[in-house]
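Step one of this worksheet: look at the structure below.
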Amino acid sequence: MKYVSTRSIDGAKFTASDAILTGLAPDGGLFIPETIPHIPEDFTLSRGAWYAMYQAMKPYFEGDELEESLEEIARNAFSFPVPFFSSDGKDTLELFYGPTAAFKDFGARFLAFSMEKLLEKRNKDLCILVATSGDTGGAVASAFHNRNHLSVKVLFPKGRVAERQQKQLTCWDGNVESYEVDGTFDDCQKMVKEAFMDRTLSGLSSANSINLGRLLPQMAYYVYASSLYKAKYGKEAVFIIPSGNVGNSTGAFWAKAMGAPIKSIVLAVNANRTIPEYLETGEYRPRPSVETLANAMDVGAPSNMERLFAMFPSIEKFRDNVQSFSVSDDEIRRTIEEEAAEKDHIICPHTACGERVRRDHYSSDDTVVVATAHPAKFDKIVEPIIGKEIPVPSALFDILQKPNRAKSIGRDYHELF
Ligand SMILES: *Cc1c(COP(=O)(O)O)cnc(C)c1O
């Protein structure tokens, strides 16, 4: 199995390991498989989620130097449950039982264990730089904590990160350091870019959501979950996915192309309407993001769109395969309230976007809404709406008990080294 860049599909070919270690293709494009493989013949649900995910990922590593280690990496990375909240075929796939209580744990953990294995073989070290305004930094910090040959520097903007999210960025020690930057998220990103451009610094890398190592696990849980739904109900479901940079949903499109039993895929977005407008007008116009209650989806120029355009190159093909609806902050609040009152089901603001789209557009279909984060992460938003306290899952509870440590710095990247 080889990979190519979205910007030169007939150009140079790369292995999965190359793609994982470098992140971005040399021409600035994103890595995609040369051809999407089929789900293996011996695919089974009988050995649990992690094993099914391992099987779905196996063809992507055929002939790769990680092939032999893949089963062990998957067992270590996917070490938590992937349950459904079931409601008569209108189910919710809960992807938030990892250490930082959001779906990003799957990708970040797989990436960390894969990089560790590759660096061990090469006897090299890497320092991962991450600028974060929310969930990414916590998932990356937690996943890379105590991994050999790897260290992490997390940058976040002072006073602009939710309290519990900040805790997940600052509770680490050892090989993970956090920096509270006196500036905005854009300043943090700029510092990371400047560090990458400084030729006197070497051994730096990123763990962006566009990395192939983060995308493949997101494909794998859709193969698993759609097969489980089909086994349970005998039918294929419409998957409704709360989306921002569309990495999670790109995983679903790859799973469907592999033959996973998915009827169709719907992107639920917040007030950042770039994708629904593209579907309406046929004109793709990326733009600056606007702030919403579902802040991990505040994206106006989704970074994985290049991968979707590679699959669906014309607006007609795109419309045949992608549906998308936008949800306002008022609708997010109303949906959290309705879901709690009617089903005693507490959901986060991101998941609420998916649930709103189900209620308004797919009420007569078999559907799975993807729950991207645990509501306890967004207690300050959700608790006043539902009028009660949200129980904290044990992994998140452990993190909340740890002391905070962050270095306060200005906007000069030299302070990081
Ligand atoms: C990152 C994130 C999203 C958006 O996922 P994309 O892959 O960027 O589309 C949605 N919900 C939560 C809770 C997230 O952390």
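Counting convention: from 1, in listed order, for ligands and their atoms alike. Note that these values count all heavy atoms, side chains included, but never hydrogens, waters or copies made by symmetry. Given the structure is predicted, the values throughout are model-derived calculations rather than measurements.
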Provide, line by line, the atom pairs where ligand 1 and the protein bring an N/O atom each to a distance under 3.5 Å; else say none.
unit_1, atom_1, unit_2, atom_2, d
ligand 1, 7 (O), Gly247, N, 3.1
ligand 1, 7 (O), Asn248, N, 2.9
ligand 1, 8 (O), Asn245, N, 2.8
ligand 1, 9 (O), Gly244, N, 2.7
ligand 1, 9 (O), Asn245, N, 3.3
ligand 1, 9 (O), Val246, N, 2.8
ligand 1, 11 (N), Thr372, OG1, 2.8
ligand 1, 15 (O), Lys104, NZ, 2.5
ligand 1, 15 (O), Asp135, OD2, 2.6

Practice item. Please list, chain by chain and in numerical order, all residues satisfying salt bridge (charged side-chain N to carboxylate O under 4.0 Å, His left out) with Lys117, sequence neighbours excluded. Key: Glu72
Indicate every side-chain donor-acceptor pair of residues 97-113 with a distance under 3.5 Å to a residue at least two apart or in another chain.
unit_1, atom_1, unit_2, atom_2, d
Tyr97, OH, Glu94, OE1, 3.4
Thr100, OG1, Asp105, OD1, 2.7
Thr100, OG1, Asp105, OD2, 3.2
Asp105, OD1, Thr100, N, 3.4
Asp105, OD2, Thr100, N, 2.8
Asp105, OD2, Ala101, N, 3.2
Arg109, NE, Ala77, O, 2.9
Arg109, NH2, Asn76, O, 2.9
Arg109, NH2, Ser79, OG, 3.2

Revision key, fill the gap. On a heavy-atom basis, the closest approach of Asn175 and Arg147 is ND2-O, 3.5 Å
Revision key, fill the gap. Taking every heavy atom of Leu279 against every heavy atom of Ile315, the minimum-distance pair comes out as CA-CD1, 4.5 Å
Point to revise | By side-chain contact (heavy atoms from CB on, under 4.5 Å) - contacts of Pro157 (at least two apart) | key: Arg160, Val161, Phe185, Cys188
Check your understanding: Are side-chain N/O atoms of Asp27 and Ser8 paired as donor and acceptor at under 3.5 Å?
Key -> yes
